[in-house]
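The block underneath contains the structure these notes are about, expressed in C-alpha cells.
One is the number of the first residue; the rest follow in order along the sequence. All values below were derived from every heavy atom in this structure, side-chain atoms included, with hydrogens, water molecules and symmetry-related copies excluded.
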Amino acid sequence: MNYKISVTDEYERLVEMFIRHGLEFSFDEPLPTDLVKCWKAENDRGNLLSGCVLATRGGEYIIDGIATEPEYRKEKIAGTLLLLAVDEARKRGGKAVYLVAKAPGFFRKHGFQRIEASSVSDLFDCCSCPQFNRSCYPEVMKLEL
C-alpha cells in the first residue's frame, strides 16, 4: 500500500473523518483548545486514509482526534501518526500526552495508561456528558514523556 504522511492544515477535513468514525467531536468545543499540529495520510489519489490532531488544552498536550479508515488499519498508519504527535509534544517540552480512547487497547500498545476521568476534568468534559458510562465507555489515558 502506497501512502504519504504529511503535516496538514486541513483540520476540518480531519474532523469530518473523526465524526464519521464515531468520535464525539464538535467545532463548538466547550473547553478552550489550541491546535498544535495536524497530520494526514493519503493514498496516491488523494484519499484521506488516516489523520491525527495534537492540541493543547489547559496547558497540557492532548490527542484531540485520531482515526484510520477500517480497510487500512492493518497498515499501522495510526501508530505512525501517534508517534509523530508524541514526538512533537516531547520536542515542545511536554511532560505528558492525554487522550480519551474508544479503542484503549491500541493506545496501551503505545504506552498510554488509564487514568481516572475526574483527575483531568479540566482537559475533557466526558464526565459531564449524558452518555458517559451509559452508552459510551471511553478510557481517559495518559502517556508520560
> Do Lys37 and Val7 pass the side chain to side chain contact (heavy atoms under 4.5 Å, CB included) test, and can you show the C-alpha distance, the side-chain angles, and the key distance before you say yes or no?
Replying inline: CA-CA 7 Å; Lys37 207 173 218 183; Val7 173; 4.0 Å; yes
>> Quick check: closest heavy atoms across Ala96 and Tyr61, and the distance to 0.1 Å?
In response: O-CB, 3.7 Å
>> Set out, in order, the CA-CA distance, both residues' side-chain angles and the distance that settles side chain to side chain contact (heavy atoms under 4.5 Å, CB included) for Ile62 and Thr56, then state yes or no.
In response: CA-CA 6 Å; Ile62 64 167; Thr56 59; over 6 Å; no
>> Between Thr68 and Arg73, do the side chains contain a donor N or O and an acceptor N or O under 3.5 Å apart?
In response: no
> What's the shortest heavy-atom distance between Ala101 and Met141, and which atoms?
Replying inline: CB-SD, 3.6 Å
> Do Arg114 and Lys142 have side chains that get closer than 4.5 Å, going by heavy atoms?
Replying inline: no
> So, for Gly22 and Lys102, which heavy atoms are closest and what is the spacing to 0.1 Å?
Replying inline: O-NZ, 2.8 Å
>> If I compare all heavy atoms of Ala89 with all of Val97, which pair ends up nearest, and what's the gap?
In response: CB-CG2, 3.7 Å
> Between Lys40 and Glu10, is the closest basic N to carboxylate O distance under 4.0 Å?
Replying inline: yes
>> Looking at Arg20 and Glu16, is any side-chain nitrogen of the basic one under 4.0 Å from a carboxylate oxygen of the acidic one?
In response: no
> What do the steps show when you test Glu116 against Val140 for side chain to side chain contact (heavy atoms under 4.5 Å, CB included), and what is the final call?
Replying inline: CA-CA 7 Å; Glu116 289 301 317; Val140 177; over 6 Å; no
> Take atom CG in Asp44; do more than 12 heavy atoms of anything else shown fall under 6.0 Å from it?
Replying inline: yes
> In Å, rounded to the nearest 0.5 Å, how long is the span from CD of Glu139 to CZ of Phe112?
Replying inline: 12.5 Å
> Nearest heavy-atom pair of Ile5 and Ala41: which atoms, and what distance?
Replying inline: CG1-CB, 4.0 Å
>> Working to the nearest 0.5 angstrom, can you tell me the gap between Asn43 CG and Glu69 CD?
In response: 10.5 Å
>> Run the side chain to side chain contact (heavy atoms under 4.5 Å, CB included) test on Phe18 and Val53 for me, step by step, so that the C-alpha distance in whole Å, both residues' side-chain angles and the decisive distance to 0.1 Å come before the verdict.
In response: CA-CA 10 Å; Phe18 300 155; Val53 174; 3.7 Å; yes
> When rounded to the nearest 0.5 angstrom, what distance separates NZ in Lys76 from CZ in Phe106?
Replying inline: 10.5 Å
>> Quick check for you: to the nearest 0.5 Å, what is the distance between Cys52 atom SG and Ile66 atom CD1?
In response: 4.0 Å
> Looking at Arg57 and Asp64, does any basic side-chain N land under 4.0 Å from a carboxylate oxygen?
Replying inline: yes
> For Ser50 and Leu48, which heavy atoms make the closest approach, and how far apart are they?
Replying inline: O-CD1, 3.4 Å
>> If we ignore hydrogens and angles and just use 3.5 Å, is the side chain of Thr8 paired with the main-chain N or O of Trp39 as donor and acceptor?
In response: no
> Rounded to the nearest 0.5 Å, how far does CG of Leu81 lie from CD1 of Ile63?
Replying inline: 9.5 Å
> Can you tell if the side chain of Thr80 reaches within under 4.5 Å of the side chain of Leu83, non-hydrogen atoms only?
Replying inline: no
>> So that I can tick it off, tell me whether Arg13 and Glu42 are bridged by a salt bridge, with the cut-off set at under 4.0 angstrom between side-chain N and carboxylate O.
In response: yes
>> As an exercise, state the distance from CG of Leu14 to CG of Asp9, rounded to the nearest 0.5 Å.
In response: 9.5 Å
